[in-house]
Amino acid sequence: MSRIIQLKVMLEKYRNRENAIQMEKYMKNHFPFLGIKTPIRRKVSNIFFRESNILKEDFQPDFVMELWELDEREYQNIALDYIERSLQKIGKEQLPFFEKLITTKSWWDTVDMLAQKPVGKIAKDHPSVIEATIDGWSEGQNLWLRRSAILYQLKFKAETDENKLSQYIKQNASSNEFFIQKAIGWSLREYSKTNPRFVKQFIEENNLPKISIREGSKYIS
(Lines give C-alpha, C1' and ligand atoms only; values in the text may rest on other atoms or scores of the structure.)
Protein backbone atom coordinates (compact mmCIF):
# COMPACT_ATOMS: atom_id res chain seq x y z
CA MET A 1 0.00 0.00 0.00
CA SER A 2 1.40 3.40 -0.99
CA ARG A 3 1.75 6.08 1.66
CA ILE A 4 -0.87 8.25 0.02
CA ILE A 5 -3.40 5.40 -0.06
CA GLN A 6 -2.55 4.58 3.55
CA LEU A 7 -3.21 8.16 4.57
CA LYS A 8 -6.45 8.38 2.59
CA VAL A 9 -7.78 5.22 4.26
CA MET A 10 -6.94 6.66 7.68
CA LEU A 11 -8.67 9.98 6.96
CA GLU A 12 -11.78 8.60 5.30
CA LYS A 13 -12.85 7.16 8.65
CA TYR A 14 -13.39 10.70 9.87
CA ARG A 15 -15.11 12.24 6.84
CA ASN A 16 -17.95 14.50 8.03
CA ARG A 17 -20.11 16.28 5.48
CA GLU A 18 -21.72 18.63 8.01
CA ASN A 19 -18.30 19.86 9.11
CA ALA A 20 -17.14 20.06 5.50
CA ILE A 21 -19.95 22.44 4.54
CA GLN A 22 -18.94 24.85 7.30
CA MET A 23 -15.24 24.57 6.53
CA GLU A 24 -15.83 25.17 2.83
CA LYS A 25 -17.94 28.22 3.64
CA TYR A 26 -15.19 29.63 5.88
CA MET A 27 -12.72 29.26 3.02
CA LYS A 28 -15.07 31.03 0.60
CA ASN A 29 -15.78 27.72 -1.18
CA HIS A 30 -12.38 27.75 -2.85
CA PHE A 31 -11.68 24.13 -1.83
CA PRO A 32 -13.60 20.98 -0.93
CA PHE A 33 -13.04 19.47 2.53
CA LEU A 34 -13.33 16.06 4.10
CA GLY A 35 -14.75 17.81 7.15
CA ILE A 36 -12.01 16.77 9.57
CA LYS A 37 -11.26 19.35 12.23
CA THR A 38 -7.67 20.27 13.03
CA PRO A 39 -7.17 18.27 16.28
CA ILE A 40 -8.34 15.03 14.66
CA ARG A 41 -6.40 15.73 11.47
CA ARG A 42 -3.21 16.24 13.42
CA LYS A 43 -3.82 13.13 15.50
CA VAL A 44 -4.20 11.10 12.30
CA SER A 45 -1.17 12.68 10.65
CA ASN A 46 0.97 12.04 13.73
CA ILE A 47 0.02 8.37 13.66
CA PHE A 48 0.76 8.27 9.94
CA PHE A 49 4.16 9.91 10.38
CA ARG A 50 5.05 7.44 13.10
CA GLU A 51 3.87 4.34 11.27
CA SER A 52 5.33 5.31 7.89
CA ASN A 53 8.73 6.47 9.26
CA ILE A 54 8.70 9.20 6.60
CA LEU A 55 10.12 11.75 9.03
CA LYS A 56 13.27 9.64 9.34
CA GLU A 57 13.96 9.98 5.62
CA ASP A 58 15.24 12.84 3.49
CA PHE A 59 12.71 15.53 2.62
CA GLN A 60 10.19 14.09 0.14
CA PRO A 61 8.92 16.75 -2.31
CA ASP A 62 7.11 14.09 -4.37
CA PHE A 63 5.07 13.11 -1.32
CA VAL A 64 4.17 16.75 -0.71
CA MET A 65 3.16 17.26 -4.34
CA GLU A 66 0.96 14.17 -4.30
CA LEU A 67 -0.88 15.62 -1.31
CA TRP A 68 -1.08 19.01 -3.00
CA GLU A 69 -2.76 17.48 -6.04
CA LEU A 70 -5.55 15.83 -4.04
CA ASP A 71 -8.86 17.68 -3.92
CA GLU A 72 -9.68 18.05 -0.26
CA ARG A 73 -7.91 20.78 1.67
CA GLU A 74 -6.98 18.52 4.56
CA TYR A 75 -4.37 16.91 2.32
CA GLN A 76 -2.63 20.24 1.75
CA ASN A 77 -2.84 20.86 5.51
CA ILE A 78 -1.09 17.55 6.17
CA ALA A 79 1.55 18.47 3.60
CA LEU A 80 2.17 21.63 5.64
CA ASP A 81 2.40 19.54 8.83
CA TYR A 82 5.00 17.37 7.11
CA ILE A 83 6.97 20.39 5.86
CA GLU A 84 7.01 21.97 9.31
CA ARG A 85 8.36 18.79 10.85
CA SER A 86 11.00 18.51 8.12
CA LEU A 87 12.38 22.05 8.21
CA GLN A 88 15.86 21.01 9.27
CA LYS A 89 16.16 18.94 6.08
CA ILE A 90 15.18 21.78 3.75
CA GLY A 91 17.82 23.73 1.82
CA LYS A 92 17.94 26.48 -0.76
CA GLU A 93 17.66 23.97 -3.60
CA GLN A 94 14.03 23.50 -2.54
CA LEU A 95 13.10 27.19 -2.92
CA PRO A 96 11.72 26.72 -6.47
CA PHE A 97 9.60 23.88 -5.12
CA PHE A 98 8.10 26.10 -2.43
CA GLU A 99 7.52 28.81 -4.99
CA LYS A 100 5.47 26.28 -6.93
CA LEU A 101 3.45 25.41 -3.83
CA ILE A 102 2.83 29.08 -3.07
CA THR A 103 1.44 29.62 -6.56
CA THR A 104 -0.64 26.43 -6.68
CA LYS A 105 -4.02 26.12 -4.93
CA SER A 106 -3.11 29.45 -3.35
CA TRP A 107 -4.90 30.89 -0.35
CA TRP A 108 -3.79 32.44 2.91
CA ASP A 109 -3.91 29.16 4.86
CA THR A 110 -1.10 27.58 2.83
CA VAL A 111 0.79 30.65 1.65
CA ASP A 112 1.33 32.20 5.07
CA MET A 113 2.85 29.05 6.53
CA LEU A 114 5.07 28.50 3.49
CA ALA A 115 6.29 32.10 3.60
CA GLN A 116 7.10 32.09 7.31
CA LYS A 117 8.47 28.58 7.79
CA PRO A 118 10.33 27.04 4.81
CA VAL A 119 10.92 30.25 2.86
CA GLY A 120 11.88 32.13 6.02
CA LYS A 121 14.30 29.38 7.02
CA ILE A 122 15.90 29.22 3.58
CA ALA A 123 16.28 33.02 3.47
CA LYS A 124 17.85 33.09 6.92
CA ASP A 125 20.24 30.22 6.16
CA HIS A 126 21.06 31.37 2.62
CA PRO A 127 20.64 35.17 2.35
CA SER A 128 21.75 35.13 -1.30
CA VAL A 129 18.28 33.86 -2.29
CA ILE A 130 16.75 37.15 -1.16
CA GLU A 131 18.29 39.23 -3.93
CA ALA A 132 18.28 36.33 -6.38
CA THR A 133 14.64 35.31 -5.93
CA ILE A 134 12.56 37.04 -3.27
CA ASP A 135 13.25 40.52 -4.65
CA GLY A 136 11.56 39.36 -7.84
CA TRP A 137 8.59 38.01 -5.94
CA SER A 138 7.95 41.42 -4.40
CA GLU A 139 7.73 43.14 -7.78
CA GLY A 140 6.07 40.32 -9.71
CA GLN A 141 2.53 39.78 -10.91
CA ASN A 142 1.61 36.97 -8.54
CA LEU A 143 -0.34 38.19 -5.52
CA TRP A 144 0.75 35.32 -3.31
CA LEU A 145 4.46 35.64 -4.07
CA ARG A 146 4.24 39.35 -3.27
CA ARG A 147 2.51 38.50 0.01
CA SER A 148 5.22 35.93 0.73
CA ALA A 149 7.97 38.48 0.16
CA ILE A 150 6.35 40.80 2.71
CA LEU A 151 5.83 38.02 5.26
CA TYR A 152 8.90 35.78 5.09
CA GLN A 153 10.63 37.77 7.87
CA LEU A 154 7.56 37.75 10.12
CA LYS A 155 9.25 35.80 12.92
CA PHE A 156 12.78 37.18 12.46
CA LYS A 157 12.41 39.67 15.34
CA ALA A 158 15.79 41.39 15.92
CA GLU A 159 17.22 39.66 12.84
CA THR A 160 14.74 41.45 10.56
CA ASP A 161 16.35 43.24 7.65
CA GLU A 162 14.62 46.61 7.97
CA ASN A 163 15.81 47.74 4.55
CA LYS A 164 14.20 44.73 2.85
CA LEU A 165 11.03 45.03 4.88
CA SER A 166 10.78 48.69 3.92
CA GLN A 167 11.57 47.97 0.29
CA TYR A 168 8.92 45.30 -0.10
CA ILE A 169 6.27 47.32 1.69
CA LYS A 170 6.94 50.44 -0.40
CA GLN A 171 6.84 48.40 -3.60
CA ASN A 172 3.38 47.13 -2.67
CA ALA A 173 1.88 50.03 -0.70
CA SER A 174 -0.24 51.20 -3.64
CA SER A 175 -1.85 47.78 -4.12
CA ASN A 176 -5.62 47.57 -3.79
CA GLU A 177 -5.38 43.86 -2.97
CA PHE A 178 -6.77 43.09 0.48
CA PHE A 179 -4.25 40.32 1.09
CA ILE A 180 -1.35 42.64 0.30
CA GLN A 181 -2.68 45.43 2.52
CA LYS A 182 -3.19 42.97 5.38
CA ALA A 183 0.28 41.49 4.90
CA ILE A 184 1.84 44.95 5.16
CA GLY A 185 -0.05 45.64 8.37
CA TRP A 186 0.73 42.22 9.80
CA SER A 187 4.47 42.52 9.08
CA LEU A 188 4.62 45.97 10.70
CA ARG A 189 2.54 44.88 13.68
CA GLU A 190 4.79 41.89 14.31
CA TYR A 191 7.99 43.90 13.97
CA SER A 192 6.61 46.61 16.26
CA LYS A 193 7.01 44.08 19.10
CA THR A 194 10.76 44.29 18.47
CA ASN A 195 11.25 47.86 17.26
CA PRO A 196 8.17 50.02 17.82
CA ARG A 197 10.09 53.23 17.11
CA PHE A 198 11.02 52.08 13.61
CA VAL A 199 7.45 51.00 12.82
CA LYS A 200 5.92 54.21 14.18
CA GLN A 201 8.28 56.34 12.10
CA PHE A 202 7.75 54.19 9.01
CA ILE A 203 3.98 54.52 9.23
CA GLU A 204 4.25 58.28 9.72
CA GLU A 205 6.61 58.78 6.79
CA ASN A 206 4.90 56.58 4.21
CA ASN A 207 1.55 56.62 2.47
CA LEU A 208 0.08 53.27 3.47
CA PRO A 209 -3.41 51.80 3.11
CA LYS A 210 -5.75 52.38 6.05
CA ILE A 211 -5.93 48.64 6.76
CA SER A 212 -2.12 48.46 6.90
CA ILE A 213 -1.91 51.42 9.26
CA ARG A 214 -4.60 50.06 11.55
CA GLU A 215 -2.98 46.62 11.74
CA GLY A 216 0.57 47.92 11.98
CA SER A 217 -0.25 50.39 14.77
CA LYS A 218 -2.02 47.90 17.03
CA TYR A 219 0.81 47.56 19.58
CA ILE A 220 2.22 51.07 19.29
CA SER A 221 1.32 53.40 22.15
Would you mind writing out the side-chain donor-acceptor pairs for residues 20-39 within the sub-3.5 Å range, not counting sequence neighbours?
unit_1 : atom_1 : unit_2 : atom_2 : d
Glu24  : OE2    : Arg17  : NH1    : 3.1
Glu24  : OE2    : Phe33  : N      : 3.0

Could you pull out every donor-acceptor pair under 3.5 Å between side chains of residues 90-98 and any protein atom, sequence neighbours left out?
unit_1 : atom_1 : unit_2 : atom_2 : d
Gln94  : OE1    : Gly91  : N      : 2.8

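Qualifying side chain to side chain donor-acceptor pair (under 3.5 Å) partners for Gln76, counting only residues two or more places apart in sequence or in other chains: Arg73. Judged as a side chain to side chain donor-acceptor pair (under 3.5 Å), and not counting sequence neighbours, the contacts of Glu12 are Arg15. Applying the ring-ring contact (aromatic ring centres under 6.0 Å, His included) criterion to Phe48, with sequence neighbours excluded, gives Phe63. Qualifying ring-ring contact (aromatic ring centres under 6.0 Å, His included) partners for Phe49, counting only residues two or more places apart in sequence or in other chains: none. With sequence neighbours excluded, the residues satisfying ring-ring contact (aromatic ring centres under 6.0 Å, His included) with Trp144 are Trp107, Phe179. Applying the side chain to side chain contact (heavy atoms under 4.5 Å, CB included) test to Glu162 and every residue at least two apart in sequence or in another chain returns Tyr191, Asn195, Phe198. Looking at residues two or more places apart in sequence or on another chain, you find a side chain to side chain contact (heavy atoms under 4.5 Å, CB included) between Ala149 and Ile134, Trp137, Ser138, Tyr168.
Glu69 CD to Leu67 CG: the interatomic distance, rounded to the nearest 0.5 Å, is 9.5 Å. Note that CD1 of Ile83 and CD1 of Ile78 are 12.0 Å apart. Values are rounded to the nearest 0.5 Å. Here Leu70 contributes atom CG and Lys8 contributes atom NZ; the two are 5.5 Å apart, rounded to the nearest 0.5 Å. With rounding to the nearest 0.5 angstrom, the OH atom of Tyr75 is 5.5 Å from the CD atom of Glu72. Residue Asn206 holds its CG atom at 9.0 Å from CG of Leu188, rounded to the nearest 0.5 Å. Taking CG from Asp109 and CG from Asn77, the interatomic distance works out to 6.0 Å, rounded to the nearest 0.5 Å.
Within the 3.5 Å criterion, the main-chain N or O of Gln60 finds a donor-acceptor partner in the side chain of Tyr82. Of the possible donor and acceptor atoms, none in the side chain of Thr104 sits under 3.5 Å from a partner among the backbone N and O of Leu101. A donor-acceptor pair under 3.5 Å is absent between the side-chain atoms of Lys155 and the main chain of Gln116, judged by distance alone. Looking only at distances, no side-chain donor or acceptor of Asn172 sits under 3.5 Å from a matching main-chain atom of Ser175. For the pair Asp161 (side chain) and Asn163 (backbone), a donor-acceptor distance under 3.5 Å is present. Judged by distance alone, with hydrogens and angles left aside, the side-chain atoms of Thr103 form a donor-acceptor pair with the main-chain N or O of Lys100 at under 3.5 Å. Not a single donor-acceptor pair under 3.5 Å links the side chain of Thr110 to the backbone N or O of Ser106. A donor-acceptor pair under 3.5 Å is absent between the side-chain atoms of Arg146 and the main chain of Ile180, judged by distance alone. Put simply, the side chain of Ser86 never gets that close to the backbone of Lys89: no donor and acceptor are under 3.5 Å apart. Of the possible donor and acceptor atoms, none in the side chain of Ser192 sits under 3.5 Å from a partner among the backbone N and O of Ile220.
The stretch residues 191-203 participates, sequence neighbours left out, in these salt bridge (charged side-chain N to carboxylate O under 4.0 Å, His left out) pairs: Glu190-Lys193, Lys200-Glu204. The salt bridge (charged side-chain N to carboxylate O under 4.0 Å, His left out) pairs that include a residue from residues 208-221 are Lys182-Glu215, Arg189-Glu215, where partners are two or more places apart or lie in different chains. Among pairs with a residue in residues 123-143, those fulfilling salt bridge (charged side-chain N to carboxylate O under 4.0 Å, His left out) read Lys121-Asp125, Lys124-Glu159, Asp135-Lys164, at least two apart in sequence or across chains.
With a 6.0 Å radius and a threshold of 12 heavy atoms from other residues, nucleotides or ligands, Asp58 has its CG atom at or below the threshold. The environment of Lys157 atom NZ is sparse: at most 12 non-hydrogen atoms of other residues, nucleotides or ligands sit within 6.0 angstrom. Residue Gln201 qualifies as open at atom CD: its count of foreign heavy atoms under 6.0 Å is 12 or below.
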Worked verdict on Thr133 versus Glu99 for side-chain contact (heavy atoms from CB on, under 4.5 Å): CA-CA 10 Å; Thr133 301; Glu99 180 174 344; 4.1 Å; yes
Can Trp68 and Leu80 be said to form a side-chain contact (heavy atoms from CB on, under 4.5 Å), step by step? CA-CA 10 Å; Trp68 222 257; Leu80 297 180; 3.8 Å; yes
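Looking only at side-chain heavy atoms (C-beta outward), Phe202 and Leu208 come within less than 4.5 Å of each other. The closest side-chain heavy-atom distance from Pro196 to Tyr219 is not below 4.5 Å. You'll find the side chain of Leu154 stays beyond 4.5 Å of the side chain of Asp112, heavy atoms only. Inter-residue side-chain proximity for Ser148 and Val119 is flagged as unmet; no heavy-atom pair is nearer than 4.5 Å. With contacts defined as side-chain heavy-atom distances shorter than 4.5 Å, the pair Trp186/Ile150 does not qualify.
What you find for Leu151 and Ala183 is that their closest heavy atoms are CD2-O, 3.7 Å. Looking at every heavy atom in both residues, Arg3 comes nearest to Ser52 through NH2-O, 2.9 Å. Smallest separation of non-hydrogen atoms from Ser45 and Asp81: OG-OD2, 3.7 Å.
A salt bridge does not link Arg41 with Glu74: none of the charged nitrogens is closer than 4.0 Å to a carboxylate oxygen.
In this model, a donor atom of one side chain and an acceptor atom of the other lie less than 3.5 Å apart for Arg85 and Asn46.
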